[in-house]
Amino acid sequence: MKKSLFKLASVIGASALVLAGCAEAPETTTPGDPTEAVSPTDGESMETTEGTEPTGDFKACIVSDQGGFDDKSFNETAYAGLTRAGEELGIETGEIESNSEADFAQNIQSMVGADCNIVVTVGFLLANATEAAAQQNPDVDFAIVDNGSFEGVDNAKGLIFNTAESSFMGGYLAAAMSETGKVGTFGGAKIPTVTIFMDGFAQGVEYYNEQKGESVELIGWDAETQDGQFVPGNAPFENIAGGKETANTLIAQGADILFPVAGPAGLGGLQAAQASGGNVNAIWVDTDGCVSAPEFCPIIISSVYKGMDVAVFDAIKASMDGDFTSEEFVGTLENEATGLSPFNEFDDKVSDETKSELETIKEQIISGDIEITSEAQPS
């Protein structure tokens, strides 16, 4: 049975990340290192264990996908959970970046070889390599962000998020804020962890039109046909120029609110919005964009966040405490593992009416009065 294990929350902070190239030996840090990472989710801070002395007998490690730990998105957010664990739990940590899919298995094995007690992998694309490593190393715990647990594998835990719920709110907000009556979205690749955002966003726009008698048009994604606009290239999530090009295509068609779901490539979308001179704005994903990419805060209305940092922290703590299980964690609006970030510089521009409607929508999604229909959402 899937259930949430905690109420997610974390403190918003600035980031300065230490990176490790995949061709290099894994980096190891100890409590007290000056490394900090973004902790971009919203909500009340969990009780911390600051001042804990290093245990010296537990090590937690993380493997990125090819976006790297400075992607201002999901890799960076997950990395913040490892950093917090090192600081608050007094444990040793290690990390390694992947430059391509070919690195995944090798990098995971390097963490196992570095005597890590738990290895966290970041992203749907690492699923096969993570499952194989977990099967081959039953004495090591594994947690994977953005993928479910593996059937019959007792030492691997999925950390997944129903971002269709929060993206529904993002779509409603975008429709309410549009001046042109057109909003746009694009993805990094056609995979479930991307299309779940786009599905929810589309449904939110549709709901706005139903409630308001409007006809705001969504460009870039058709939820019915499951087809839309994606960044080109062999490494689309890293293709910032391609993201900007894709965003400009949507802008040329009249979209004045963008919803890029493309990791670092989404920064190209923010660049395109910024270059519009105030005519185009955006809603960011995974993390509060005003924290992870503050240079773009003036054009970010809000962000659809995922509490990956706290999910990673809790998985590490459970492993350290001997309470680790393979039961999936599912982040929802109800447990505050996903939602809308603050409006930041748009707080005075989002009407009180829209703010109130968004709160009502949140309650109705939680209660089931509004049904989310994305096929990509956790069952």
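Counting from 1, the numbers follow the sequence of the chain as shown.
The same ILVMFWY cluster, assembled from side-chain heavy atoms under 4.5 Å apart, contains both Val112 and Phe104. By the criterion of side-chain heavy atoms lying less than 4.5 angstrom apart, applied directly or through intervening Ile, Leu, Val, Met, Phe, Trp or Tyr residues, Val122 is grouped together with Phe161 in one hydrophobic cluster. Both Met308 and Ile62 are part of a single hydrophobic cluster, where members link through side-chain heavy atoms under 4.5 Å apart. In the hydrophobic clustering of ILVMFWY residues, with side-chain heavy atoms under 4.5 Å counting as a link, Val205 and Phe186 come out apart. In the hydrophobic cluster analysis, where Ile, Leu, Val, Met, Phe, Trp and Tyr join through side-chain heavy atoms closer than 4.5 angstrom, Phe201 is grouped apart from Val231.
Using a 3.5 Å distance cut-off with no hydrogens or angles, the side chains of Ser178 and Asp256 do pair a donor with an acceptor. Side-chain N/O atoms of Asp227 and Thr225 include no donor and acceptor closer than 3.5 Å. Residues Asp286 and Thr77 have side chains that never bring a donor and an acceptor to within less than 3.5 angstrom of each other. Side-chain contact check for Asp199 and Gln226: at least one donor-acceptor pair (N or O, by modelled atom type) lies under 3.5 Å. Asn75 and Asp65 share a side-chain donor-acceptor pair at under 3.5 Å.
Note that CG of Leu89 and CD1 of Ile316 are 7.5 Å apart. Values are rounded to the nearest 0.5 Å. Here Ser215 contributes atom OG and Lys182 contributes atom NZ; the two are 10.5 Å apart, rounded to the nearest 0.5 Å. Distance CD/Glu328 to CD1/Ile144: 11.0 Å, rounded to 0.5 Å. Rounding to the nearest 0.5 Å gives a distance of 11.5 Å between OG1 of Thr332 and CD1 of Ile372. One finds the OG atom of Ser64 at 11.5 Å from the CD atom of Glu76 (value rounded to the nearest 0.5 Å). Remark: Ile299 CD1 to Gln271 CD distance equals 10.0 Å, nearest 0.5 Å.
Residues Phe58 and Ser319 meet the side-chain proximity criterion, which asks for heavy atoms closer than 4.5 Å. Residues Leu358 and Phe168 fail the side-chain proximity criterion, which asks for heavy atoms closer than 4.5 Å. At least one side-chain heavy atom of Tyr207 sits under 4.5 Å from a side-chain heavy atom of Ile361. Between Pro260 and Val285, every side-chain heavy-atom pair lies at or beyond the 4.5 Å cut-off. Contact check for Thr246 versus Thr249: no side-chain heavy atoms found under the 4.5 Å cut-off. Two residues are said to be in side-chain contact when any heavy atoms from C-beta on lie closer than 4.5 Å; Tyr172 and Lys212 meet this criterion. By the 4.5 Å heavy-atom criterion applied to side chains, Leu340 and Val304 are counted as neighbours. Side-chain contact between Asn162 and Thr338 is absent, with no heavy atoms from C-beta onward closer than 4.5 Å.
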*Tell me, with the steps shown, if Asn107 and Ser98 meet side chain to side chain donor-acceptor pair (under 3.5 Å).*
CA-CA 7 Å; Asn107 285 351; Ser98 304; 3.1 Å; yes

*Let me see the working for Lys317 and Asp323 under salt bridge (charged side-chain N to carboxylate O under 4.0 Å, His left out), right down to the final yes or no.*
CA-CA 8 Å; Lys317 188 174 187 302; Asp323 298 327; over 6 Å; no

*Which is it for Phe324 and Lys157 under the side-chain contact (heavy atoms from CB on, under 4.5 Å) test, yes or no, and what are the steps along the way?*
CA-CA 8 Å; Phe324 188 88; Lys157 182 182 195 68; 3.5 Å; yes

*Output, in order, the C-alpha distance, side-chain angles, deciding distance and verdict of side-chain contact (heavy atoms from CB on, under 4.5 Å) for Asn344 and Ile300.*
CA-CA 8 Å; Asn344 296 304; Ile300 296 175; 5.9 Å; no

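Of all the heavy atoms in Met111 and Cys116, the pair that sits closest is O-SG, 3.0 Å. Minimum heavy-atom separation, Ile160 to Gly148: CG2-N, 3.6 Å. The two residues Thr195 and Ala376 make their nearest non-hydrogen contact at OG1-CB, 4.0 Å. Taking all atoms of both residues into account, the shortest heavy-atom contact from Ala60 to Leu82 is O-CD1, 3.4 Å. Shown here for Pro264 and Asp71, the closest heavy-atom pair between the two residues is CG-CB, 3.3 Å. The two atoms that bring Ile251 and Ala273 nearest to each other are CD1-N, 4.4 Å, heavy atoms only.
Side-chain atoms of Gln203 come within 3.5 Å of backbone N or O of Thr373 as a donor-acceptor pair. Remark: side-chain polar atoms of Lys362 are not paired, donor with acceptor, to backbone N or O of Gly339 under 3.5 angstrom. At distances below 3.5 Å, at least one donor-acceptor pair connects side-chain atoms of Gln274 with backbone N or O atoms of Glu295. Side-chain atoms of Asn248 do not come within 3.5 Å of backbone N or O of Glu245 as any donor-acceptor pair. Under the 3.5 Å distance criterion, the side-chain polar atoms of Ser276 are left unmatched by any main-chain donor or acceptor of Ala272.
The only option from Glu165, Glu371, Glu334 that meets the side-chain contact (heavy atoms from CB on, under 4.5 Å) definition with Ile365 turns out to be Glu165.
Residues passing the ring-ring contact (aromatic ring centres under 6.0 Å, His included) test with Phe296, sequence neighbours excluded: none. Shown here are the side-chain contact (heavy atoms from CB on, under 4.5 Å) partners of Ala255, two or more places apart in sequence or in another chain: Ile219, Leu250, Leu258. Scored by the ring-ring contact (aromatic ring centres under 6.0 Å, His included) test, Phe197 finds no partners at all (sequence neighbours excluded).
In the displayed structure, Asp222 atom CG is contacted under 6.0 Å by more than 12 heavy atoms of other residues, nucleotides or ligands. Within a 6.0 Å sphere centred on CD of Glu210, heavy atoms belonging to other residues, nucleotides or ligands number more than 12. Under a cut-off of 6.0 angstrom, the local environment of CD in Gln364 is crowded, with over 12 non-hydrogen atoms contributed by other residues, nucleotides or ligands.
Using cut-offs of 30° and 60° for the angle between ring planes, the Phe69 and Tyr79 rings count as tilted.
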